[in-house]
Amino acid sequence: MIVFNGDIVFSEKALRAFNESLYLFIEPVIDLMDIFHLNPNNYAEMVAELGDYFPDYIIRENAKKCIDTLLDLASWTQDNFLHKMDVLHEYALYKILLYECAYFEEMGEEGSEMLKMRFSHSGIEEVPESEREFFEDMAEFGFDSITDCIYRDVDFLSVDYISSWELTNSPLRHMFGADIDHLYPLFPQDVRKQIDEIRNNNDVFKILSAVQTVLESLEGKPALLEEKSEEEINAQIAMGLNFALAPKGLGVSQETPFGYSPLGTGEVDFYIFESDFHPFPKAIGESKMWGRFHTQVDQLMGYMHEDIDLGFTITINKSHKLSMISEKQKAILDTYSIDSQDFRMLDIRKSIFGGWICYQQHPENDQPFITNHFVLNLYRPSRKKAAVSRRKKQ
């Protein structure tokens, strides 16, 4: 069965019935695809048929991938595994529904009856009463109602506009707006290369990727760190960052005098700088045990210079559920302000690097900058209990 990203969460019986209905839309397309899949001599006819469901450039790059995507949709709606669609599946399913529903509409009253038949199979009888109305709406209103149940957004229909915007605006903006990583397979090959070049040459991506990698490595060793102090853990993080960033021409120092603190000049936990020429600051990082997050963000803002594009916090967690910390961080960031304009939050989202990522504005020059708020999660009670239990049995 395919699971969906829309706002409606179906019960198991309703999800199974919805998948069966979708299969009835997909089946006519698959009859043709099976023929093409088995007989590559039908290439010209195959390309013409695929053009209804995929962009031309995707078909030219990998026609077999397009065929496999359509076959996936058919088989996934029929099996008992839970499948999550990638962007090619989403795009193809959208186009199938669009063409099938347009065909029904052209047929008038007969088409309306055919549409209703898509939602009148035996599986619908198993759907709980509380969810029947969704199926009734889809049978009556067709395409718009069906796609509302499947998709939260349809950015995949605007990849040409989105790619142009991404390639011509500040690299900082790549982490906001549309989900570029999700849309990536739907971009043409040359555009994918351009986006890769932007990311590979952008210090924000390099640094956040390095922090993510170091924290993931440390989270694999919770027993070694649970008795360590904040300072000792920060030293481990700094060592890992230096190792990861040195090949990229970036250095990391600790407790560097910079910016402001309540008593004057502060000392930055992680001062990341360009090491090839002169120590020009590239990013500022603050790391604290959980419990002082608001103060930690305030401290970071005191260090943020208008020429620095990136700040980050690392919350070291040894005692609370990760979900609780994430929720409380979001609540603090949502309402964060020093006054109405200073370090204004323009946008907050889940970060592809982990934690929350914020798009903010420098008060000195109104230029945007990014802060990423990580959690080093060393709280693994279930894993610890299992390890203790295993030792006792031995």
Side-chain angles (χ1 to χ4, degrees), residues 3-11 82 84 151-153 172 175-182 204 207-209 211-222 225-226 228 230 233-234 237 269-270 283-304 310-340 342-361 368-386:
V3 293
F4 306 101
N5 294 323
D7 293 325
I8 298 171
V9 179
F10 288 111
S11 66
L82 297 180
K84 188 171 183 180
Y151 303 105
R152 183 164 292 164
D153 65 63
L172 290 181
M175 285 162 279
F176 290 86
D179 185 346
I180 298 301
D181 291 305
H182 178 66
V204 171
I207 294 167
L208 291 180
S209 295
V211 176
Q212 180 187 33
T213 300
V214 170
L215 296 186
E216 287 176 351
S217 174
L218 292 176
E219 284 179 342
K221 311 165 188 174
L225 298 177
E226 65 179 355
K228 300 287 187 184
E230 180 181 291
I233 292 173
N234 286 347
I237 295 171
D269 286 341
F270 306 108
I284 299 295
E286 282 297 305
S287 180
K288 298 277 186 293
M289 295 290 186
W290 170 245
R292 296 177 288 162
F293 182 67
H294 199 296
T295 302
Q296 189 177 5
V297 177
D298 282 342
Q299 192 171 2
L300 181 67
M301 295 304 107
Y303 296 140
M304 289 305 297
L310 175 63
F312 62 91
T313 65
I314 299 172
T315 295
I316 303 168
N317 173 44
K318 294 184 177 183
S319 56
H320 294 80
K321 279 189 175 181
L322 181 60
S323 58
M324 183 276 289
I325 289 178
S326 180
E327 288 171 8
K328 289 195 173 183
Q329 284 184 328
K330 178 64 160 52
I332 290 170
L333 294 168
D334 273 335
T335 58
Y336 183 82
S337 67
I338 296 173
D339 64 30
S340 60
D342 284 356
F343 302 107
R344 192 157 59 99
M345 293 282 181
L346 304 176
D347 201 354
I348 303 173
R349 303 200 179 190
K350 282 281 188 182
S351 174
I352 62 173
F353 305 101
W356 298 104
I357 191 165
C358 302
Y359 195 54
Q360 294 180 249
Q361 191 175 51
F369 69 98
I370 279 174
T371 57
N372 202 110
H373 303 279
F374 296 93
V375 178
L376 173 58
N377 186 34
L378 303 176
Y379 182 62
R380 312 278 182 171
S382 298
R383 188 191 300 178
K384 188 174 183 178
K385 286 178 184 176

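The structure displayed is predicted, hence computed values, not measured ones. Side-chain atoms are counted along with the backbone in the values below, which use heavy atoms only and exclude waters and symmetry mates.
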Colleague: Quick test of your reading of the model: are E226 and K228 salt-bridged, counting only N-O distances below 4.0 Å?
Modeller: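 Salt bridge flag = no for K228 with E226.
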Colleague: Could you check whether E230 pairs with R292 (Lys NZ or Arg NE/NH1/NH2 to Asp/Glu carboxylate O, under 4.0 Å)?
Modeller: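 Counted as a salt bridge, because a side-chain N and a carboxylate O are separated by less than 4.0 Å.
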Colleague: Let me see the working for F312 and I370 under side-chain contact (heavy atoms from CB on, under 4.5 Å), right down to the final yes or no.
Modeller: CA-CA 8 Å; F312 62 91; I370 279 174; over 6 Å; no
Colleague: Short question: side chain of E216, backbone of V211 - any donor-acceptor pair under 3.5 Å?
Modeller: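 Pair absent, no side-chain N/O of E216 close to backbone of V211.
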Colleague: Are the side chain of E219 and the backbone of N377 linked by a donor-acceptor contact shorter than 3.5 Å?
Modeller: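 Yes, the answer is positive, given that a donor and an acceptor are paired below the 3.5 Å cut-off.
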Colleague: Tell me every residue that passes ring-ring contact (aromatic ring centres under 6.0 Å, His included) with F4, counting only those two or more places apart in sequence or in another chain.
Modeller: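 Testing F4 for ring-ring contact (aromatic ring centres under 6.0 Å, His included), a comparison that skips the adjacent residues, returns F18.
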Colleague: Closer than 3.5 angstrom, by distance alone: can the side chain of D347 be matched with the main-chain N or O of R349 as a donor-acceptor pair?
Modeller: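 No; judged by distance alone, with no hydrogens or angles, the pair does not exist.
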Colleague: Testing the 3.5 Å rule here: is there a donor-acceptor pair between the side chains of W356 and S326?
Modeller: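 Side-chain D/A pair, W356 to S326: present.
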Colleague: Test I233 against K318 for side-chain contact (heavy atoms from CB on, under 4.5 Å), laying out the working first.
Modeller: CA-CA 12 Å; I233 292 173; K318 294 184 177 183; 3.9 Å; yes
Colleague: For K328, what residues pass the side chain to side chain donor-acceptor pair (under 3.5 Å) criterion, not counting sequence neighbours?
Modeller: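 With neighbours one apart ignored, the set is empty.
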Colleague: Give a yes or no answer on whether the side chain of Q361 reaches the backbone of F369 with a donor-acceptor pair at less than 3.5 Å.
Modeller: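 Here the side-chain-to-backbone pair does not exist.
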Colleague: With distance as the sole criterion, is a donor-acceptor pair present between the side chains of D269 and S287 under 3.5 Å?
Modeller: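 No, no side-chain donor-acceptor contact under 3.5 Å.
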